[in-house]
Engineer: 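Quick one: the structure is below, questions incoming.
Chain naming here is simple, since letters A, B, ... match the order of the sequence lines and numbering starts at 1 in each.
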2 protein chains.
Amino acid sequence: MTKNKENNTEALILDAAKDIFQHKGMEGARMQEIADKAGINKAMLHYYYRSKQKLFEAVFKSAINLMAPKVVEIINTEEHLFDKIRNFTDKYITFISKHSYIPLFIINELRRNPEILKTTLDHNFDVSVRDKLREEIAILIQNKEIKPISAEQLFLDVISLCVFPIITKPLMTVILDKNNKQYDEIITQRKKYVADFIINAIKY
Amino acid sequence: MTKNKENNTEALILDAAKDIFQHKGMEGARMQEIADKAGINKAMLHYYYRSKQKLFEAVFKSAINLMAPKVVEIINTEEHLFDKIRNFTDKYITFISKHSYIPLFIINELRRNPEILKTTLDHNFDVSVRDKLREEIAILIQNKEIKPISAEQLFLDVISLCVFPIITKPLMTVILDKNNKQYDEIITQRKKYVADFIINAIKY
DNA sequence: GTCTATAATTTGATAGAC
DNA sequence: GTCTATCAAATTATAGAC
């Protein structure tokens, strides 16, 4: 069937493009390299995606749509905040470790083009999710379960502690004088460590 | 004097190259753009630095030599750990805010070329600094002033909480629904907030 | 839909005059 | 040391056969 073949090649190209773009960025990536990785001809990239820019945008959207739901998913559960934190740090560190190139890819592209998110993220991360977290925190503060902190700062803390040590692995292995395996073990330990750290920091 | 003129043009080129490379990366930067910014001819870049790669390396070394001493400086004081943390987070967030493009520049280049640090950083961040921090933490644990934590994890915590929210500003303004000014205010508040957060997390 | 061949442009680098 | 002019290579994009 023609339709299957179309989808197959198109998906093949996108997979190859993800790999190359996410590792080398927009400027560092070469269309020829993507074609080679996909095992097809360079002309096909233009047949399906018209230009390098359009292909890149498809990859970027795919990256955003992979990452954003993971954050929302856990915030939207009905657990106690402390359980949310434990769940999130564990799952998110595992997830980011598997896709360690994606956060940097997103951060970099956003610096090049700060507008690109406005057409992509708004639907995933809408007002209700933010408000829900703010309310939950407000109640816990009232009940004196946690210290008076802002939801924004806590959100930044959680994401920072999970993501930054993973994306800076090449730097941190040198600074901390660890080999790859030793550093991976440090990251594994963080799955539990970070949750305890945060909860100790905010609880009364 | 000829010598002055030499240094002047050379420095002019390096300044322009810092600006362009640190914002656009190795592949995104254009020699022509650097020449324009320096107000001189493109041929001059090659006269002083021979190739794009060599010019880039000069910029990278300059970035490392700007960042690394700041970390060592504060760790090497004789203050109590809690004061070190307060001092460091305050000064480091201020410093990184002023040079917000440099951390990402270093992280990205290290991913492209993980070997480059071995000839640059080793002298700045040597064994004695690491050992000193480890010892100090060991003593505080023994004295039951802080919970039993590893120096490596604490180091990662401190750097992550300071740097990540700054380099992800374009992403976080959208997620948290803040404008530039509001987000800068959040970062300013972190100068005190982060220290309290960390100390609460580790103290008995 | 897929391929080969090639056009069109960009860009790092150099030659050579002053 | 500095400039103009130009080369040579790389790279995106397209034309056209099958």
Engineer: Figure out the CZ/C1' separation between Arg50(A) and dA15(D), and round it to whole Å.
Structural biologist: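 Taking CZ of Arg50(A) and C1' of dA15(D), I get 17 Å after rounding.
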
Engineer: Rounded off to whole Å, could you give me the OH-to-C1' distance for the Tyr48(A) and dC3(C) pair?
Structural biologist: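 Between C1' of dC3(C) and OH of Tyr48(A): 13 Å.
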
Engineer: What's the closest nucleotide to the side chain of Tyr47(B) if the choices are dT2(D), dG12(C), dT2(C)?
Structural biologist: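 From the listed options, dT2(D) comes nearest.
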
Engineer: How would you list, by chain and number, every residue that makes a side-chain hydrogen bond (donor to acceptor under 3.5 Å, both in side chains) with Asn200(A), sequence neighbours excluded?
Structural biologist: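 Asn200(A): side-chain hydrogen bond (donor to acceptor under 3.5 Å, both in side chains) contacts with Lys203(A).
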
Engineer: Take atom NZ of Lys52(B) and atom P of dA10(D), then tell me their distance rounded to the nearest Å.
Structural biologist: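 So the NZ-P distance, Lys52(B) to dA10(D), works out to 14 Å.
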
Engineer: Applying a 4.0 Å non-hydrogen cut-off, can you work out what Ala29(A) is touching in the nucleic acid: base, sugar-phosphate, or nothing?
Structural biologist: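 Sugar-phosphate: the residue Ala29(A), judged by heavy atoms under 4.0 Å, touches backbone atoms but no base.
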
Engineer: For the side chain of Arg30(A), counting heavy atoms from C-beta on, which of dA13(D), dC3(D), dT11(D) is nearest?
Structural biologist: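 Out of dA13(D), dC3(D), dT11(D), the nucleotide with an atom closest to Arg30(A)'s side chain is dT11(D).
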
Engineer: Hey, does the side chain of Thr9(B) come within less than 4.0 Å of dT2(D)'s phosphate (OP1/OP2), counting only N and O?
Structural biologist: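 Answer is yes, contact under 4.0 Å.
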
Engineer: Measure the distance from CD on Glu33(B) to C1' on dG12(C) and round it to the nearest whole Å.
Structural biologist: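 The distance from CD of Glu33(B) to C1' of dG12(C) comes to 15 Å, rounded to the nearest Å.
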
Engineer: A side-chain contact here means heavy atoms from C-beta on lying under 4.5 Å apart; do Ile186(A) and Leu156(B) qualify?
Structural biologist: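 Side chain of Ile186(A) against side chain of Leu156(B), heavy atoms only: contact under 4.5 Å found.
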
Engineer: Rounded to the nearest Å, what distance is computed from the NE2 atom of residue His46(B) to the C1' atom of nucleotide dC7(D)?
Structural biologist: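 Taking NE2 of His46(B) and C1' of dC7(D), I get 13 Å after rounding.
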
Engineer: So Met31(B), base contact, sugar-phosphate only, or nothing? Heavy-atom distance under 4.0 Å.
Structural biologist: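 Result for Met31(B) = sugar-phosphate.
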
Engineer: Measure from the side chain of Ala43(A), starting at C-beta and using heavy atoms only, and say which of dA13(D), dC3(C), dT11(C) lies closest.
Structural biologist: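 Closest of the options to the side chain of Ala43(A): dC3(C).
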
Engineer: Taking the six-membered ring of Phe60(A) as reference, does the cationic atom of Arg112(A) (NZ for Lys, CZ for Arg) lie under 6.0 Å from its centre and within 45° of its axis?
Structural biologist: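 No, Arg112(A) and Phe60(A) do not form such a contact.
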
Engineer: What nucleotide among dA13(D), dA13(C), dT4(C) has an atom nearest to a side-chain atom of Ser51(A)?
Structural biologist: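 Looking only at heavy atoms from C-beta outward on Ser51(A), the closest nucleotide is dA13(D).
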
Engineer: Please tell me which of the listed nucleotides, dC3(D), dA13(D), dT2(C), lies nearest to the side chain of Lys42(A)?
Structural biologist: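 For the Lys42(A) side chain, the nearest candidate turns out to be dA13(D).
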
